[in-house]
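Read through the structure below, which is laid out as structure tokens, and then see the notes.
No hydrogens, no waters, no symmetry mates; every other heavy atom, side chains included, goes into these values.
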Amino acid sequence: MSDTDAGVPRLRAGGLSPVLVAAVANLGVLMWLLIRDADDVTYGYIGGPIALAVALHATRRIARTVRMPRQVRTFWRRVHLSSICLFVSSAIALARANNNTGMSLWVAVPMMSGLLLLMIAFLGLPGPRRNAAGLLRALLDTVTIAVASALIFWYVVLDLAPAGTSLVARIVAAVVGVGGVLLLVVIGKAAAAPETVVDGTALRVLMAAPIAAVTGTFLLIAGADWSRMALSVQALPLVGLAFCVGAHLQRRALERPAGHPVTFPARSLFNLLPFVAVTATAGLVISVSSQDMTNRQRAVIIGAVLIAGCVVARQLLSLRENTLALRGIRRQQAELERLALSDNLTGLPNRARFIVALAERLEDRAPATALLIDVDDFKMINDTIGPAAGDQLLHAVAQRLREQCVPGEMPARLGGDEFAVLLPVEDPVAAEAAANRLLEVLAEPFRVAEQQLLLHASAGIAIAGNGENADEVLRNADIAMYAAKEAGKASLARFEPRMRHDMVSHATLAGELRDAIGRGELRLLYQPVYDLVTGGLHGFEALVRWQHPVRGFVSPAEFIPVAERSGLIVPLGAWVLREACLQLAAWRAAYQDGAVEAMNVNVAVRQLRETGFVDEVAAVLSETGLTPRNLILEVTESSVVDGWQVSETLEALHEMGVRLALDDFGTGQSSLSLLRAFPVDVLKLDKSFVDGIADGADRGRLAVAAAVAQLAEHLQLKAVAEGIESREQLERLRDMGYRYGQGFFMAKPLPPAECGPLMAADPVRAA
């Protein structure tokens, strides 16, 4: 299997191979115990070094996994150091193979070092902050357990050792046993914690080490020959197997999808160990006091023990009540965290949870990429099918993302129709492959409210760079997503630094444009529309221009898209409409019948979405004294298909008597169907079909231009050709049947003062 799959790096550390090798080593030791030769025990000790050698490999590889948080890597690094010490201990035990009572100091020193390193690893795990009282309580619990276990080993276990056993061997074994008890308590509390960065099941598996230490030392001191031999050869192989299994479980935990709910374990029995220690010590006191004491002395001791027992019982009741209360608080806390960090509609992590997860990866210097996905034209879909069905569609999108994300990827809903996926990669090719995979899934039809809907989405990719925080990465993905939408939607774009510069420039230009509207920096020029047959002036198209006080002339191709994106197109369009109507009213008052009949004004789709646009047009016509017949509103094909709200606005304008023109006709995807559904009066042939039409080299342009003229004639519509730049083009278009045209050949856009002489001439002929 390759290290990567669908752009997601696969873990190889702590796999099944070490687990299988360690299991075989344990099985071999067990078989040796069943068929062993009583005179030679060397072969029984071989399993320990083998199992711990593969444990060394497993823990080293899992500790070097980059995808893990820093605290997890630190924990497994210390476990790896512990396995080194235990491997040394197993090697020494193999060299000194015997079935003697007690434990050799040479074996005990590296073993105790391994237990201490393991204890340090568990104590280093992050947990809830403790105050001074909490630290003191933990210290008292530790001292209680240590003293009790030491007393039990000293007065009970050591006395059970066979005669002639070395005192040093017995004491060394007892010290290792007490250390095992303390490690058992530390691991138990860590494994029972409500939240832990290390997999909880892996922590519980590692409890095999202290259990083996406690059981083994007990049997090494007081066990029979066979049981002592069994624990001598089987304890360390079991510990090696536990380390391998723990590393494998940690690997499995890393491959689980992010954002899974936190579950709280049941009450830990390890909280009861201090009370068990007190009870055991009390029993030991009673046993000791029964020897060589008077009845009165025994009564005092027994009374003291009874009082201690009552105190312990009372504390146990308090512990139970506190545990129940704490469990309820944790349950409420988990519910509050779920509500705060998940989206109510889809169940996905929300923006806050996504930013936290991204910040954690950045803090750990792990590979991270933010993929931002936005459903194209969702507002139009939502308006068409209704809000309830729109919510069902968003839920279906979230479900599809959840199902298609591979382990390690975290989908989230940021709000509205905007989703995000946290990718654990930093390679651009892998990130784009993951983005394409998810976009292809979303492009498949959705079944919602008895309707089959086809969606498309745009995506922005931002790979986390050095020194960037979560907000910056998400903002970069947002910038890239808007770049994908501007490129034509249903596509993806990867963030590049120049995009941020473009976005800042657009924002700056939008602020200056807002001020320009208020300061009167904008002005209108008027391009004449001519009758190609008579050469007479037929009308004017109002075109907005911006003379910036610092930048100079700013092209409409630069500031109109900024106005549309920022929403400034609405006040800008209102100003253009009023200014153009005022100018036409002034010309009609000055030139009477010599003035043009109508003024062409461009209208953006954002204006058509405004609920009061029809009333605004009626008010402007009333204030300027014009009739609806004097106004021609030019709209693009993309505006017409924007949704039912735009369609209703256009129908209302047509019923009012305002004429409508399809601008840039022939460039859209639904031109012919629009002629049936849209109340059109004028078709304006796009300039791209006029360029090169004179030489006749491009037969495709000729065919389209001729077809548009014939359509207009049969549908009784006006056909206007745009962008005429030569006499040859004019004559060719006129021969095709075009009655009207405009372009630089006849006249460039003119200021109002230069338009008057054109209307005064009778007739005005093209130059």
Side-chain angles (χ1 to χ4, degrees), residues 6-8 257-259 342-358 361 367-382 390-446 448 453-464 470-496 499 503 565:
V8 179
S342 64
D343 177 62
N344 291 332
L345 176 63
T346 63
L348 291 179
N350 60 10
R351 178 183 290 270
R353 177 71 184 91
F354 183 85
I355 291 178
V356 168
L358 178 57
R361 292 196 66 83
T369 293
L371 172 63
L372 200 63
I373 301 174
D374 187 86
V375 180
D376 294 332
D377 303 318
F378 178 77
K379 182 181 184 303
M380 181 181 68
I381 298 173
N382 194 54
D391 288 346
Q392 294 179 28
L393 180 59
L394 291 175
H395 187 275
V397 170
Q399 185 66 22
R400 196 169 288 186
L401 287 176
R402 183 187 288 111
E403 292 172 353
Q404 295 300 321
C405 281
V406 301
E409 298 177 350
M410 188 186 82
R413 183 190 179 210
L414 304 187
D417 61 331
E418 196 172 67
F419 296 85
V421 180
L422 178 57
L423 305 175
V425 299
E426 58 184 357
D427 177 51
V429 176
E432 291 183 5
N436 281 318
R437 165 168 51 85
L438 296 174
L439 290 183
E440 288 175 3
V441 168
L442 295 181
E444 297 176 3
F446 288 84
V448 176
L453 302 176
L454 189 63
L455 293 186
H456 293 288
S458 300
I461 301 172
I463 300 174
D471 289 330
E472 290 173 334
V473 175
L474 192 58
R475 185 165 60 248
N476 292 343
D478 191 58
I479 293 173
M481 186 267 291
Y482 276 107
K485 284 187 175 294
E486 290 181 356
K489 302 182 180 179
S491 62
L492 63 88
R494 182 160 51 88
F495 174 78
E496 297 177 4
M499 293 181 180
M503 186 68 70
R565 182 188 302 171

Please report the closest heavy-atom contact between [X] and [Y], naming both atoms and the distance.
X      : Y      : value
Ser491 : Leu439 : O-CD1, 4.1 Å
Gly416 : Leu394 : O-CD1, 3.7 Å
Ala435 : Ile461 : CB-CD1, 3.7 Å
Phe354 : Leu422 : CE1-N, 3.4 Å
His456 : Ala443 : ND1-CB, 4.5 Å
Glu409 : Arg437 : OE2-NH2, 2.8 Å

Point to revise | Val425 and Pro367, any side-chain heavy atoms less than 4.5 Å apart | key: no

Check your understanding: Should Ser458 and Asp374 be marked as a side-chain hydrogen bond (donor to acceptor under 3.5 Å, both in side chains) after you check the CA-CA gap, both sets of side-chain angles, and the distance that decides it?
Key -> CA-CA 5 Å; Ser458 300; Asp374 187 86; over 6 Å; no

Can you tell me how far the [atom1] atom of [X] sits from the [atom2] atom of [Y], to the nearest 0.5 Å?
X      : Y      : atom1 : atom2 : value
Arg361 : Leu423 : CZ    : CG    : 9.5 Å
Thr369 : Phe495 : OG1   : CZ    : 13.0 Å
Arg413 : Leu401 : CZ    : CG    : 12.0 Å

Practice item. Would you check, one step at a time, whether the test side-chain contact (heavy atoms from CB on, under 4.5 Å) holds for Arg353 with Asn350? Key: CA-CA 5 Å; Arg353 177 71 184 91; Asn350 60 10; 3.6 Å; yes

Check your understanding: side chain to side chain donor-acceptor pair (under 3.5 Å): which pairs involve residues 390-399, sequence neighbours left out?
Key -> Gln399-Arg402, Gln399-Glu403

Review point. Any sub-3.5 Å donor-acceptor pair from Arg400's side-chain atoms to Glu444's backbone N or O?
Key: yes

Practice item. Apply the test side-chain contact (heavy atoms from CB on, under 4.5 Å) to residues Leu455 and Leu393: give CA-CA distance (whole Å), side-chain angles for both, the deciding distance (0.1 Å), then the verdict. Key: CA-CA 10 Å; Leu455 293 186; Leu393 180 59; 3.7 Å; yes

Review point. Can you name the one residue among Leu414, Leu442, Asp417 that meets side chain to side chain contact (heavy atoms under 4.5 Å, CB included) with Ile373?
Key: Leu442

What pairs of donor and acceptor atoms, side-chain ones from residues 471-481 against any protein atom, are under 3.5 angstrom apart with sequence neighbours left out?
from   : atom 1 : to     : atom 2 : distance (Å)
Glu472 : OE1    : Asn469 : N      : 3.0
Asn476 : OD1    : Arg500 : NH2    : 2.8
Asn476 : ND2    : Glu468 : OE2    : 3.4
Asn476 : ND2    : Glu472 : O      : 3.3

